Amino acid sequence: QVQLVESGGGLVQPGGSLRLSCAASGFDPRLYAIAWFRQAPGKEREGISCLSNYDGSRYYTDFVKGRFTMSRSNANNTVYLRMNSLESEDTAVYYCAAGPPSCLGRVLTRNYISYWGQGTQVTVSS
């Protein structure tokens with residue numbers, strides 16, 4: 001059974017940091033890249049980053065580039081999203097997802113996702 005389980009969300013002040021985790025199980029990790037999406041209230045779910053299994057390339061959208069960083073622990077099949085300099089506009093439910101192993105060379109869109117996690121809430125507020 002495929003499972004993607006996010007953790008690490010919470011309430012943080014503007015300018016603060018959080019690290020989200022995505023623990024993957026039930027599938028061959030070599031067959032899928034892990035991507036992060038987020039969905040703010042009243043908005044569509046949008047892709048923000050992807051970590052390629054082919055060469056370790058990382059892809060980020062412009063509004064998180066330089067602030068967010070993806071990394072991986074092969075030992076426990078977990079992918080992380082380190083988020084720095086958080087802004088109120090980053091408030092959303094964050095989802096990890098499994099998609100094509102190359103990330104198709106960019107941040108993925110929803111139609112390419114095979115599996116989703118349940119999401120974790122991130123709230124940036126003073």
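Throughout, numbering of the chain's residues begins at 1 and tracks the sequence. Note that this is a predicted model, so its numbers are computed, not measured.
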What closest approach, in Å, do [X] and [Y] show between heavy atoms, and which atom pair accounts for it?
X	Y	answer
S114	Y32	OG-CE2, 3.7 Å
S125	P14	C-CD, 3.6 Å
S85	D90	O-OD2, 4.4 Å
Q121	T91	NE2-CG2, 4.0 Å
I34	C96	CG2-CB, 4.3 Å
V107	T61	CG2-N, 3.7 Å

Decide side-chain contact (heavy atoms from CB on, under 4.5 Å) for F27 and Q1; before the verdict, give the C-alpha distance in whole Å, the side-chain angles of both, and the deciding distance to 0.1 Å. CA-CA 8 Å; F27 62 92; Q1 180 182 357; over 6 Å; no

Approximate separation, where rounding is to 0.5 Å, of [X] [atom1] and [Y] [atom2]:
X	Y	atom1	atom2	value
L20	R82	CG	CZ	10.0 Å
S102	D55	OG	CG	9.0 Å
S21	L81	OG	CG	9.5 Å
L108	I48	CG	CD1	12.0 Å
L18	Y80	CG	OH	15.0 Å
C50	M70	SG	CE	6.5 Å

Under 4.5 Å between side-chain heavy atoms, hopping through other hydrophobics if needed: is there a path connecting V93 to I113? yes

Do Y59 and V79 belong to the same hydrophobic cluster, where Ile, Leu, Val, Met, Phe, Trp and Tyr are linked whenever their side-chain heavy atoms lie under 4.5 Å apart, directly or via other members? no

Assess, by modelled atom type and distance only, whether the side chains of Y94 and R38 contain a donor and an acceptor separated by less than 3.5 Å. yes

Does either side chain, that of R19 or that of N84, offer a donor lying less than 3.5 Å from an acceptor on the other one? no

Main-chain N/O of [Y] paired to [X] side chain as donor or acceptor, under 3.5 Å:
X	Y	result
E87	G15	no
Q39	E44	no
E6	C22	no
T78	N76	yes

Considering residues at least two apart in sequence or located in another chain, which fulfil the ring pair (Phe, Tyr, Trp, His ring centres under 6.0 Å) criterion with F37? W116

Worked verdict on E89 versus F63 for side-chain contact (heavy atoms from CB on, under 4.5 Å): CA-CA 10 Å; E89 292 77 10; F63 47 83; over 6 Å; no

Does L4 form a side-chain contact (heavy atoms from CB on, under 4.5 Å) with Y95? I'd like the steps, not just the answer. CA-CA 9 Å; L4 296 170; Y95 299 88; over 6 Å; no

Take N53 and R72, measure what side-chain contact (heavy atoms from CB on, under 4.5 Å) needs, and give me the verdict at the end. CA-CA 10 Å; N53 272 352; R72 184 206 318 270; 3.1 Å; yes

